[in-house]
Amino acid sequence: MTGYRSEIRASEVSALLDKVRRKKYGNYLLAMRLSRVRAFQGARVEFEFPVTALIGPNGGGKSTILGAAACAYKAIKPSLFFPKSSIGDDSMADWTIEYDCVDRKLHPTNDVRRSSRFRQLQWRRDDVLSREVIYFGINRTVPAGEKSSFKKLMKPSYRHDGNIKNIDLAISEQIEKILGKPVSAFKVTDIPGKEFFYIGGNNDLEYSEFHFGAGEASVIRMITKIESSPDNSLILIEEIENGLHPIAVRRLVEYFLALASRKSCQVIFTTHSDYALEPLPPEAIWASIDGKVQQGKLTVETLRAVSGRVDKKLAIFVEDNFAKCWVDAILREKLGKRFDQVEVYPVSGDGNARSIHIGHLNNPSITSKSICLIDGDSQQPDEPDKGIYRLPGNQPEATVFEDVYTNIDSNIAILTVSCQLAPEKQDQVRSSLDEVSCTNRDPHLIYNQIGIKVGFVPEVIVRGAFLTVWIRENPEKVNAIVEPIEEVLKSTDGYQNE
């Protein structure tokens, strides 16, 4: 997944964020509060981006949020997501979901507030809003051969008199972008019972939907239905990655971003795939863990650590990927074989790092340990008694660069070789560092800029070279980072001294 570049431009993502902020929609679900639904007690989810990913461990509440969003509108009956059993569902009494919506037909300028409440053994929704809602559940990937509605097609006596036609060209183009294969020769026909059945092929060979891959068929059906929907529709999808190759998952999310621009649609999906998160900004991702929600770009691996579903002795929460690389490099050098007992997780921001760590500490069901390492310029307080420590310097990328650059005369040789350049390139590397030191405005880009200047050396190599030198030259700062980590490890069972 490293090196991924979305085909959706950053300017388009920014425009979508701005469109939500300015509420430039005919219909839009802005936010909802789950006052009391299953494990949720007052959780608020804000849909700041028109494509929203819901992530979290199994049973963490993703489907509850998806179902709650659906119940904002008349098109979906709450019982589809929240059926009431005569056995074991007494806790449903007084469930309440509150909504903030845009509905320009009702109010051209103001937000609209509505609620769904479970009272006296039934759901009550007063003056419920109208909007096209399309729901794709897990059963969308059931193979055609297993669907009862298509069993009649297998009978030798069946005679088809429906109209067979090519898939609409505009729809086939969207499908091709996701599947990465031509489908312009694919056809569709209607089957009695308001069903559609697809026929694949390439003009020379034809085959029925019975021989499609489950993921292939689900994408074709989803895109066909979505493209036929009106603007401002709400699209809900369970486990978007079901039946799809990771690259197709990523392309499907990119399709939704383009759809949001093109048709002002809103998409909410659940997922366990990091590939589905890559095209999205942090505002588009909500993690749901045991009745708590957290906004931000957390990886699925991080979620497993947050919920205690890891086999490591210690989870270390840091702000971003550079901080992870920095701490990883230090611990790999200093812990040796014990490095396998530790995992470092970037969690998109100091507030996230702190709150996730505190939640980890306060969860009695989690037996693994955790600490939090915030950046030097963080506004969060460092609290060693709570396992919250501060990395040296201010901004991490700048701190490492400046510490190494300060002693550039003694470091230039090893930096040059570590960047996989010939020793005679030292003067070129030195002049490149001098220039970047003067011109850089964003430290997050500094190692990429250096790599380009010295001859298109990949950023990861340049970064690794600087980290290696920094660790060698700053033993006191390194020890200050390692010591509290070792102390926590010593308190765990199975800690091994080298």
Side-chain angles (χ1 to χ4, degrees), residues 16-17 20 28-34 37-73 76 78 80-82 97-101 116 133-138 140-141 222 226 233-242 244 246 249-250 252-257 259-260 265-307 309 347-348 352 355-356 359:
L16 289 171
L17 284 164
V20 176
Y28 193 87
L29 178 58
L30 293 167
M32 62 184 186
R33 184 174 184 270
L34 286 74
V37 182
R38 290 179 178 156
F40 293 101
Q41 301 283 342
R44 181 176 173 84
V45 179
E46 298 179 352
F47 300 100
E48 299 178 40
F49 194 71
V51 181
T52 301
L54 305 175
I55 59 176
N58 291 330
K62 302 184 298 297
S63 295
T64 300
I65 296 173
L66 191 76
C71 294
Y73 298 99
I76 300 291
L80 175 65
F81 289 93
F82 306 112
I97 311 166
E98 298 164 334
Y99 303 99
D100 295 338
C101 304
S116 296
V133 180
I134 306 170
Y135 171 60
F136 298 103
I138 299 296
R140 69 183 182 276
T141 55
M222 286 170 58
I226 290 168
S233 294
L234 174 61
I235 299 157
L236 307 170
I237 308 169
E238 286 274 15
E239 297 191 15
I240 192 175
E241 69 274 16
N242 260 24
L244 295 179
V249 173
R250 181 192 293 157
L252 181 56
V253 176
E254 290 180 337
Y255 161 76
F256 289 138
L257 295 178
L259 179 77
C265 290
Q266 184 176 7
V267 182
I268 305 172
F269 63 84
T270 68
T271 186
H272 294 103
S273 170
D274 281 337
Y275 288 87
L277 309 182
E278 286 186 328
L280 299 174
E283 295 89 344
I285 301 170
W286 282 86
S288 174
I289 308 162
D290 299 330
K292 306 292 184 182
V293 292
Q294 176 76 51
Q295 187 180 27
K297 204 156 192 175
L298 307 183
T299 66
V300 173
E301 283 296 322
T302 301
L303 282 170
R304 282 197 276 268
V306 171
S307 57
R309 294 170 171 85
V347 295
S348 299
N352 280 350
S355 62
I356 289 172

Minimum-distance pair of heavy atoms, taken over all atoms of Ala43 and Val293: CB-CG2, 4.0 Å
side-chain contact (heavy atoms from CB on, under 4.5 Å) assessment of Ile235 paired with Leu259: CA-CA 11 Å; Ile235 299 157; Leu259 179 77; 3.7 Å; yes
Main-chain N/O of Phe47 paired with Tyr28 side-chain donor or acceptor, under 3.5 Å: yes
Heavy-atom side-chain proximity of Val20 to Glu46 below 4.5 angstrom: no
Atom pair OG1 (Thr141) and CG (Asn242), whose distance is rounded to the nearest 0.5 Å: 4.5 Å
Pairwise distance CD(Gln266) to CG(Leu16) - rounded to 0.5 angstrom: 11.5 Å
Closest contact, heavy atoms only, Pro50 versus Cys265: CB-O, 3.9 Å
Test item: Leu252 and Met222 side chains (from C-beta on) under 4.5 Å apart, heavy atoms: yes
Pair Thr270-Glu238, side-chain donor/acceptor within less than 3.5 Å: yes
Closest heavy-atom pair and its distance - Leu29, Ala69: CD2-CB, 3.7 Å
Minimum heavy-atom distance between Pro282 and Gln295, given as atom pair plus value: O-CG, 4.0 Å
Donor-acceptor under 3.5 Å (Glu239 side chain, Ile138 main chain): no
Ile240 side chain near Phe136 side chain, heavy-atom distance below 4.5 Å: no
For the student: nearest non-hydrogen atoms of Ile55 and Lys62, plus distance: C-CD, 3.4 Å
Atom pair NZ/OG of Lys292 and Ser355 - distance to nearest 0.5 Å: 11.5 Å
Approximate separation, where rounding is to 0.5 Å, of Phe49 CZ and Leu17 CG: 5.0 Å
Contact check, side chains of Leu277 and Val253, non-hydrogen atoms, under 4.5 Å: no
Heavy-atom pair of closest approach, residues Ile226 and Ile134: CA-CD1, 4.4 Å
Audit row: Ile237, Thr271, side-chain contact (heavy atoms from CB on, under 4.5 Å) steps and yes/no: CA-CA 9 Å; Ile237 308 169; Thr271 186; over 6 Å; no
side-chain contact (heavy atoms from CB on, under 4.5 Å) between Thr64 and Phe40, worked out: CA-CA 9 Å; Thr64 300; Phe40 293 101; 3.7 Å; yes
Distance (rounded to the nearest 0.5 Å) between Leu66 CG and Phe269 CZ: 10.5 Å
Euclidean distance, Glu278 CD relative to Ser273 OG, rounded to 0.5 Å: 8.0 Å
